[in-house]
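The structure appears below as structure tokens.
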2 protein chains.
Amino acid sequence: MSQPDEQAEDGTARIIEDTVLGGLIGYRLKRAYMLIQPRAHAVLAEEGLRVASFSCLSIIIDNPGIVQSELSDALQIERSNLVVVIDELEQRGLISRKRVPTDRRRYALTATLRGRHMRDRLTKKTHLAEEVIFGRLNQEERAQFLHLLERLEGRPAR
Amino acid sequence: MSQPDEQAEDGTARIIEDTVLGGLIGYRLKRAYMLIQPRAHAVLAEEGLRVASFSCLSIIIDNPGIVQSELSDALQIERSNLVVVIDELEQRGLISRKRVPTDRRRYALTATLRGRHMRDRLTKKTHLAEEVIFGRLNQEERAQFLHLLERLEGRPAR
DNA sequence: TATTGTTATACTCTATAACTATA
DNA sequence: TATAGTTATAGAGTATAACAATA
């Protein structure tokens with residue numbers, strides 16, 4: 001997987017030079033993300049869930065009664081695109097929705113027992129899948145990395 | 001931008017709990033990437049280029065004579081999807097292609113002067129755009145972060 | 001008037017299969 | 001037979017506009 005042994009005209013592998021791209025954090029983040037994402041995708045697909053569905057399920061479990069517009073904000077998914085995900089989770093019996101009595105425009109979302117079990121199982125499998133890549137870092141580096149990602153998201157230095 | 005002030009039923013902002021997602025590196029990488037990507041996208045769009053086009057242009061400049069299948073490997077873009085990008089770069093006069101005499105199936109790609117100027121200009125603007133986010137880290141943290149990204153991509157520890 | 005959930009739609013990215021010309 | 005570039009196409013994911021119900 002990903003061996004750089006493309007044949008150049010003389011039959012030797014070409015070493016790719018790069019003076020710019022590797023210095024761009026967006027490019028580097030994308031490459032790292034693309035290492036992880038397909039593995040998470042595959043694990044979740046085994047249970048018929050997409051990544052977005054798993055994310056929604058997880059946030060609903062951690063925030064019982066959350067409504068779609070709040071979920072939309074939290075996960076940065078367009079309200080309109082959330083609809084199909086929520087429908088899917090409900091039809092599979094992983095969450096349920098009921099109208100908020102004080103504001104009948106909104107639906108309070110809660111996970112079912114089945115949904116909670118699904119998340120717990122998939123959390124373990126996803127962590128295992130990520131381990132193939134994240135395991136390249138030792139414990140100190142992992143903590144550093146997650147800390148730096150938090151800093152990038154705007155959390156102030158410790 | 002991204003203030004978490006969604007109104008809960010009682011009129012106070014809901015604090016979103018998260019016991020699982022934040023511990024998944026894929027989720028965290030995606031969030032960081034989504035902070036950077038739209039900014040790079042916007043800068044490149046000002047010159048009518050997409051991110052993939054800029055990446056290709058840059059690798060072609062650094063590797064004159066590279067052919068499409070090598071570029072495809074280097075950037076992990078499907079050969080078929082590269083075609084439109086290369087066409088675009090050529091039509092805009094940023095690169096040129098000529099058949100490789102020793103293997104007439106292949107086209108050697110090289111950047112024009114105009115292409116090199118375009119890259120130089122866009123490299124500066126992209127770095128500036130990324131700075132809004134990456135600037136949240138100090139110099140030592142930046143070096144650490146890029147180093148850890150390299151480690152994730154499989155480069156052995158120093 | 002504004003907001004929530006919804007529908008319809010379009011656009012970009014990405015993936016796959018099959019073709020051609022060359023090797 | 002295999003490979004490079006190409007075409008066509010389909011599937012995700014994402015973004016926007018407009019609507020009904022409710023506030």
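Everything quoted here is computed from the prediction, not taken from an experiment. Convention: sequence-line order gives letters A, B, ...; per-chain numbering from 1.
- Comparing Y107(A) and M34(A) along DNA chain C, the residue whose closest nucleotide (by nearest heavy atom) sits nearer the 5' end is Y107(A).
- Using a cutoff of 4.0 Å between basic side-chain nitrogens and carboxylate oxygens, R50(A) and E88(A) are scored as salt-bridged.
- One atom, CD1 of I95(A), and another, P of dG5(C), lie 12 Å apart when rounded to the nearest Å.
- How far OG of S58(B) is from CZ of R119(B): 4.0 Å, rounded to the nearest 0.5 Å.
- The side chain of S80(B) places no N or O atom within less than 4.0 Å of a non-bridging phosphate oxygen (OP1 or OP2) of dG5(D).
- OP1 or OP2 of dT6(C) has at least one side-chain nitrogen or oxygen of Q68(A) nearer than 4.0 Å.
- Looking at heavy-atom distances under 4.0 Å, R104(B) makes contact with sugar-phosphate atoms alone, never a base.
- OP1 and OP2 of dA17(D) both lie 4.0 Å or more from every side-chain N or O belonging to R79(A).
- A straight line from CG of L82(B) to C1' of dT7(D) spans 14 Å, rounded to a whole angstrom.
- Rounded to an integer number of Å, the gap from CD of E88(A) to C1' of dA12(D) is 13 Å.
- The backbone N or O of L94(A) lies less than 3.5 Å from a partner atom in the side chain of T112(A), making a donor-acceptor pair.
- In this structure, CD1 of I86(B) is placed 13 Å from C1' of dT6(D), rounded to the nearest angstrom.
- At a cut-off of 3.5 angstrom, the base of dA4(D) holds no donor-acceptor pair with the side chain of D103(B).
- Between R97(A) and D87(A) a salt bridge is recorded (basic side-chain N to carboxylate O distance below 4.0 Å).
- Across the protein-nucleic acid pair, N81(B) atom CG and dA4(D) atom P stand 17 Å apart, rounded to whole Å.
- Look at R50(A) and you'll find a side-chain N or O under 4.0 angstrom from OP1 or OP2 of dG13(D).
- A salt bridge is defined here as a Lys NZ or Arg NE, NH1 or NH2 lying under 4.0 Å from an Asp or Glu carboxylate O, and R142(A) with E131(A) meets this definition.
- For dT3(C), its base sits under 3.5 Å from the side chain of R105(A) at one donor and acceptor pair at least.
- Of the side-chain N and O atoms in K30(A), none sit less than 4.0 angstrom from OP1 or OP2 of dC13(C).
- Using a 4.0 Å cut-off, no side-chain N or O of R99(A) falls inside it from OP1 or OP2 of dA23(D).
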